[in-house]
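Written out below as structure tokens is the structure these notes cover.
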Amino acid sequence: MTLPTSQTVAWIENPGSEGKLVIRDGVSIQQPGQDEVLVKVECSGICHSDCRNVEGMGKYEDIPGHEGVGIVVKLGEGVSPDLLDKRVGVKWLWSACGKCAACKKGKVNHCPDQLNTGRSVNGTLQQYVVAHASYITLIPDGLSSEVAAPLLCAGLSLAGAVSKVTPEVQPGDFIAIVGAGGGLGHIGVQIAAQKGYKVIAIDSGNDKRALCKEMGAVAFVDHAIEDVVGSVKALTDGEGAHAVICVAGVPAAYYQAPKLVRNDGVFVCVGLPPDDFMFPMSPIEIANRGLVIKGSSTGTNEQMDELLQLALQGIITPKIEVYEFSDAPKIIHELQRYEVTGRKVVKMPA
Ligand SMILES: NC(=O)c1ccc[n+]([C@@H]2O[C@H](COP(=O)([O-])OP(=O)(O)OC[C@H]3O[C@@H](n4cnc5c(N)ncnc54)[C@H](O)[C@@H]3O)[C@@H](O)[C@H]2O)c1
Ligand SMILES: [Zn+2]
Ligand SMILES: [Zn+2]
């Protein structure tokens with residue numbers, strides 16, 4: 001197959017408070033190096049972390065996107081020929097060192113020397129993306145690319161986060177998910193409910209309420225119109241949830257969410273607030289209440305494979321809406337205003 005030399009991409013202009021995503025034609029296609037492949041992207045989910053790139057938080061590349069599904073069209077040196085023509089997922093974890101303590105335990109998602117798609121290298125909101133051959137994910141036949149896309153970051157991140165509530169919290173216990181109606185949250189509700197936890201979903205609006213209930217939440221609390229702390233306490237015999245997973249990357253959510261967890265419970269940080277925001281809790285309170293505070297970033301390769309199999313069996317069913325690639329800038333604005341229910345996925349131009 002003869003490949004083109006230039007392509008259409010989504011490009012970040014003026015990253016920062018004036019930053020915006022623009023569709024740009026005629027951008028050159030990168031070539032795969034040693035141990036790398038070139039993937040022709042079919043579709044990509046758009047994650048709230050892509051908004052961080054646009055807003056200039058952290059150090060990012062020009063092209064965001066890290067929920068891409070496509071076909072391997074070219075191999076770099078040292079890559080097995082078996083990968084050619086395979087349908088694969090390109091995830092946030094572009095590569096890990098393979099040598100550190102976290103990597104040796106299989107916890108590649110917490111490798112200190114990892115590279116990230118859309119952060120350290122250009123991302124999946126382009127027609128052709130270069131990926132590391134060892135860190136792409138084979139997409140099982142029978143699972144559509146559009147459904148697989150949000151599993152690669154949103155789904156995997158909540159598979160990782162829900163796994164972090166153990167060993168302290170057990171099936172039958174309450175998990176409150178803050179930001180439950182968005183991309184990550186709604187899949188998290190389903191994963192946690194499938195594992196037997198009683199999920200209290202916290203978000204706002206009737207669409208998100210309906211989606212969280214459909215995903216298996218036992219209750220929904222609307223943070224825009226209800227007393228969140230009082231409602232969660234009332235649902236949990238006055239104690240608070242056994243675990244809280246804070247998915248909303250919003251300071252207001254991080255101020256409120258620790259009040260929802262019972263003493264001796266687990267708090268998992270997932271949502272990414274502005275870079276200068278610090279966890280707003282006194283060590284004295286953490287000590288006195290015996291809280292277990294954990295962090296979670298994406299998930300392991302095993303969790304990825306397990307999640308894809310659950311989706312193939314129809315047990316995990318992300319709610320997606322599919323749009324044209326030219327809609328990507330609009331979707332970024334909608335995410336910035338917290339208007340997206342579930343996940344929006346864009347199809348790349350052929
Ligand atoms: N740690 C990780 O593994 C990881 C991975 C991917 C994304 N992220 C981060 O997770 C966050 C969520 O990403 P997403 O793509 O699901 O975003 P999203 O915009 O789809 O969902 C966020 C949800 O939070 C809700 N929300 C906002 N303020 C709230 C509040 N005060 N209380 C309760 N809910 C509130 C919004 O209504 C929205 O539904 C972002 O900060 C993103 O950068 C973290
Ligand atoms: Zn993401
Ligand atoms: Zn490592």
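Indexing begins at 1, ligand by ligand and atom by atom, following the structure's order.
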Under 4.5 Å between side-chain heavy atoms, counting indirect links through other Ile/Leu/Val/Met/Phe/Trp/Tyr residues: same cluster for L125 and Y323 or not? yes

Which of parallel (below 30°), tilted (30 to 60°) and perpendicular (above 60°) describes H242 and F174? parallel

Should the pair H48 and Y338 be assigned to parallel (<30°), tilted (30 to 60°) or perpendicular (>60°) ring geometry? parallel

Sole candidate of Q190, H186, E214 that passes side chain to side chain donor-acceptor pair (under 3.5 Å) when paired with T317: Q190

Will you find, in the side chains of K91 and T298, an N or O donor that is under 3.5 Å from an N or O acceptor? no

Under the side chain to side chain donor-acceptor pair (under 3.5 Å) rule, what do E55 and Q336 come out as? Steps first, then yes or no, please. CA-CA 10 Å; E55 290 156 10; Q336 286 172 321; 2.8 Å; yes

Angle subtended at the Zn ion (ligand 3) by SG of C111 and SG of C100, nearest 10°: 120°

N/O to N/O under 3.5 Å, ligand 1 against protein:
from: ligand 1; atom 1: 1 (N); to: V270; atom 2: O; distance (Å): 2.9
from: ligand 1; atom 1: 1 (N); to: S296; atom 2: O; distance (Å): 2.8
from: ligand 1; atom 1: 3 (O); to: S157; atom 2: OG; distance (Å): 3.3
from: ligand 1; atom 1: 3 (O); to: T298; atom 2: N; distance (Å): 2.7
from: ligand 1; atom 1: 15 (O); to: H48; atom 2: N; distance (Å): 2.9
from: ligand 1; atom 1: 15 (O); to: R343; atom 2: NH1; distance (Å): 2.7
from: ligand 1; atom 1: 16 (O); to: G183; atom 2: N; distance (Å): 3.4
from: ligand 1; atom 1: 16 (O); to: L184; atom 2: N; distance (Å): 2.9
from: ligand 1; atom 1: 17 (O); to: H48; atom 2: ND1; distance (Å): 3.4
from: ligand 1; atom 1: 19 (O); to: H48; atom 2: ND1; distance (Å): 2.7
from: ligand 1; atom 1: 20 (O); to: G183; atom 2: N; distance (Å): 2.9
from: ligand 1; atom 1: 34 (N); to: G179; atom 2: N; distance (Å): 3.4
from: ligand 1; atom 1: 37 (O); to: D203; atom 2: OD1; distance (Å): 2.6
from: ligand 1; atom 1: 37 (O); to: K208; atom 2: NZ; distance (Å): 3.1
from: ligand 1; atom 1: 39 (O); to: G182; atom 2: N; distance (Å): 3.4
from: ligand 1; atom 1: 39 (O); to: D203; atom 2: OD1; distance (Å): 3.3
from: ligand 1; atom 1: 39 (O); to: D203; atom 2: OD2; distance (Å): 2.7
from: ligand 1; atom 1: 39 (O); to: K208; atom 2: NZ; distance (Å): 2.9
from: ligand 1; atom 1: 41 (O); to: L272; atom 2: N; distance (Å): 2.9
from: ligand 1; atom 1: 43 (O); to: S49; atom 2: OG; distance (Å): 2.8

Could you grab the angle centred on the Zn ion (ligand 2), going from NE2 in H66 to SG in C153, to 10°? 110°

E239/K233 under salt bridge (Lys or Arg N to Asp or Glu O under 4.0 Å): CA gap, chis, key distance, verdict: CA-CA 6 Å; E239 297 279 357; K233 289 273 169 82; over 6 Å; no

